[in-house]
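For reference, the structure is listed below as structure tokens.
Just follow the structure's listing: the first ligand is 1, and inside any ligand the first atom is 1. Quick note: residue numbers are just sequence positions, from 1.
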Amino acid sequence: MQKIQNYINGQLVSSASGEYLENVEPATGKIYSLIPESNSDDLDAAVAAAEAIQNDWAHTSLEKRADILCRLADLIDSNADALAKAEAIDNGKAISFAKAVDIYRSSANIRFFAQAGTQFSSESHAMGNLAINYTLRDPIGIVGCISPWNFPLYLFTWKIAPALASGNVVIAKPSEVTPMTAYLFSKLCIEAGLPAGVLNILHGSGQSIGGPLTTHPKIKAISFTGGSATGAHISKVTAGMFKKLSLELGGKNPTLVFADCDFEETVNEVVKAAFSNQGQICLCGSRIYIERPIYEQFKTAFIAKVKSLRIGDPLDPNTQHGATVSEAHLNKVLSYIELAQQEGGTILTGGKRHIESGRCQNGYFVEPTVVEGLDNQCRTNQEEIFGPVCSIMPFDKEQEAIQLANGTEYGLAASIWTNDLKRAHRVAKSIEAGIVWINCWLLRDLRTPFGGVKSSGVGREGGLEAMRFFTEPKNVCIKY
Ligand code: TXE
């Protein structure tokens, strides 16, 4: 049985306790590897390693840091097939999606921030002929990065890349649900010649190592992506420690379809927005509001398209819809489908666990599910399900659509489908979200601010936002 190892001080090591967690392949329900259950002892070793190299890394030239990060990105590219297969096995997602999205973006994240590190600059402010102010942006020091299971390597690199590029040393904790690609990545770090201690990867549960990582006094900033409940917990336990927190949390994103949209393209894209990655993306459009004149026509075309999604073995290149990530998550999603019907919803397609044949017969598959006839305030339309379940309903007026869209505690993303330019700008301005797409979804420019409002989080990732999060500005005023 493969044993995943921690990456501390440039070495692959077991956890101090020697304990392991079981790692299950979602498509088969079988245990296929073991994960170190790390604790504070492992954390102390990682902090010591980080502390020892902290100064050297902070004073490494921008070009040298960029070179090492670009080497890492090149190694991801040259190992893309193996990494995509590992991601598909570990997460249950379709291998074609893992290759085209997860691994492609993992390399792009690192390459982007390698370059951002050499372009990152700060300001100066002249006081006439009296004095000049200049702003230093120094690395914070030792930072913690905690990432979730839905985009394992993609969100892991999305956090560590800006942290490293801005001269910090990092202690990172991937999700215990999907540890494999972070483990394979640590081997690439050794091959790339990343100096020992610059990045340390600790595997294990939120309880055993996640918690200690957030409260360690020498870790001055935490960048977290995960559930809103966990984000709230981290805020609470770190309160009074004055750490910088970046919290990218859950979403319950609206999709607004107006009658004048490009019909065919909108149907196709709204299906992707609802079901990509089995609906396990914080940006997924799980609440679909359609202007009444085209409601029946759109519903018919949408359902037909959803029914055509090919569910199957994540390792089959033709699969479009894989397994949900764990048995616990499978049961959570199925319980919400049950709830949707109790709340008066009608299942238009899907609604059941999908039983595959062959090696995947015990896999955690859920049919892509569409529910109609729910009230906007019901739990199904208020709570993040984070699975292949969406609800649809008609609206009549623009103002009504905006109220429906803004009617949850979340505010991460939204998509608007219309050819009316003025309406597009008007509605985008009124939507309570950090990201609004118009006639597109998940079209990403890594320079843009990424994150949400309300219960979807605090702070922004991406581009200069990330470089600023991982640095401390210091104003120096010098009199002429
Ligand atoms: O997230 P968790 P999970 C949402 C989605 C999902 C729910 C739970 O609704 O169903 O969150 O998913 C670590 N201190 N999203 O269980 O628990 C944990 O080990 C420190 C949306 O994956 O938040 C993992 O590495 N760390 C999200 C990471 O936090 C702790 C993507 C996320 O785990 C911890 C994923 C603690 N006390 C889930 N407890 C998005 N916005 O994309 C756990 N962790």
- Any non-hydrogen protein atom less than 4.0 Å away from atom 31 (C) of ligand 1: yes
- Message: Using a 4.0 Å cutoff against the non-hydrogen atoms of Glu384, which atoms of ligand 1 qualify?
- Response: 4 (C), 5 (C), 9 (O)
- Query: Backbone or side chain, does any N or O of Ile146 fall under 3.5 Å from an N or O of ligand 1?
  - Reply: no
- Message: If the cut-off is 4.0 Å to any non-hydrogen atom of His233, which atoms of ligand 1 fall inside it?
- Response: 37 (N)
- Distance to 0.1 Å, residue and atom name: give those for the protein heavy atom nearest to atom 1 (O) of ligand 1. Gly227 N, 3.7 Å
- Are Gln382 and Thr408 close enough that a side-chain donor and a side-chain acceptor fall under 3.5 Å? no
- Ionic contact status for Arg359 with Glu25, cut-off 4.0 Å: yes
- Query: With a 4.0 Å cut-off on heavy atoms, does Phe224 reach ligand 1?
  - Reply: yes
- From the list Ser17, Ser205, Ser15, side-chain hydrogen bond (donor to acceptor under 3.5 Å, both in side chains) with Glu37 holds only for Ser205
- Task: Using distance alone, determine whether Ser147 and ligand 1 share an N or O pair under 3.5 Å.
- Result: yes
- Taking N or O atoms only and a 3.5 Å limit, does Gln207 qualify as a polar contact for ligand 1? no
- Task: Tell me whether the guanidinium CZ or amine NZ of Lys99 lies under 6.0 angstrom from the six-membered ring centre of Tyr104 and within 45° of its axis.
- Result: no
- Note on the structure: If you scan protein heavy atoms around atom 38 (C) of ligand 1, the nearest is Phe386 CE2, 3.8 Å
- Item | Main-chain N/O of Ser246 paired to Arg460 side chain as donor or acceptor, under 3.5 Å | no
- Salt-bridge present (Asp90, Lys85; N to O < 4.0 Å): no
- Message: Hydrogens and angles aside, do Asn6 and Ser38 bring a side-chain donor and acceptor to less than 3.5 Å of each other?
- Response: yes
- Message: Distance under 4.0 Å to a non-hydrogen atom of Leu249: what atoms of ligand 1 satisfy this?
- Response: 40 (C), 41 (N)
- Distance filter under 4.0 Å to Glu176 heavy atoms, resulting ligand 1 atoms: 18 (C), 19 (O)
- Query: Under 3.5 Å, is there a donor-acceptor pair linking the side chains of Glu409 and Ser455?
  - Reply: yes
- Can you find a side-chain donor-acceptor pair between Thr181 and Glu87 that sits under 3.5 Å? yes
- atom 44 (N) of ligand 1: nearest protein contact (heavy atom, Å): Gly206 CA, 3.6 Å
- Task: Please determine if Trp149 has a nitrogen or oxygen closer than 3.5 Å to a nitrogen or oxygen of ligand 1.
- Result: yes
- Within less than 4.0 angstrom of ligand 1, does Lys332 place any heavy atom? yes
- Item | Which of the ligand 1 atoms, numbered from 1, are nearer than 4.0 Å to a heavy atom of Pro174 | 25 (O)
- Task: Specify the protein heavy atom at minimum distance from atom 40 (C) of ligand 1: its residue, its atom name, and the distance to 0.1 Å.
- Result: Cys282 CB, 3.4 Å
- For Lys159 and Ser223, test the side chains for any donor-to-acceptor distance below 3.5 angstrom and give the result as yes or no. yes
- Contacting atoms of ligand 1, where contact means under 4.0 angstrom from a heavy atom of Gly210: 14 (N), 20 (C), 26 (N)
- Task: Would you mind listing which atoms of ligand 1 come within a distance below 4.0 Å of any non-hydrogen atom of Pro148?
- Result: 31 (C), 35 (C)
- Looking only at N/O atoms, are Ser228 and ligand 1 under 3.5 Å apart anywhere? no
- Go through ligand 1 atom by atom and flag the ones less than 4.0 Å from a non-hydrogen atom of Gly211. 14 (N), 20 (C)
- Message: Under 3.5 Å, is there a donor on one side chain and an acceptor on the other for Glu327 and His329?
- Response: no
- Starting from atom 2 (P) of ligand 1, locate the nearest protein heavy atom and write down its residue, its atom name and how far away it is, to 0.1 Å. Thr230 OG1, 3.6 Å
- Task: Considering only protein heavy atoms, determine whether one is less than 4.0 Å from atom 17 (O) of ligand 1.
- Result: yes
- Flag the pair Trp417 / Tyr289 as yes when their ring centroid distance falls below 6.0 Å, and as no otherwise. no
- Message: Taking the six-membered ring for Trp, are Trp158 and Phe151 closer than 6.0 Å centroid to centroid?
- Response: no
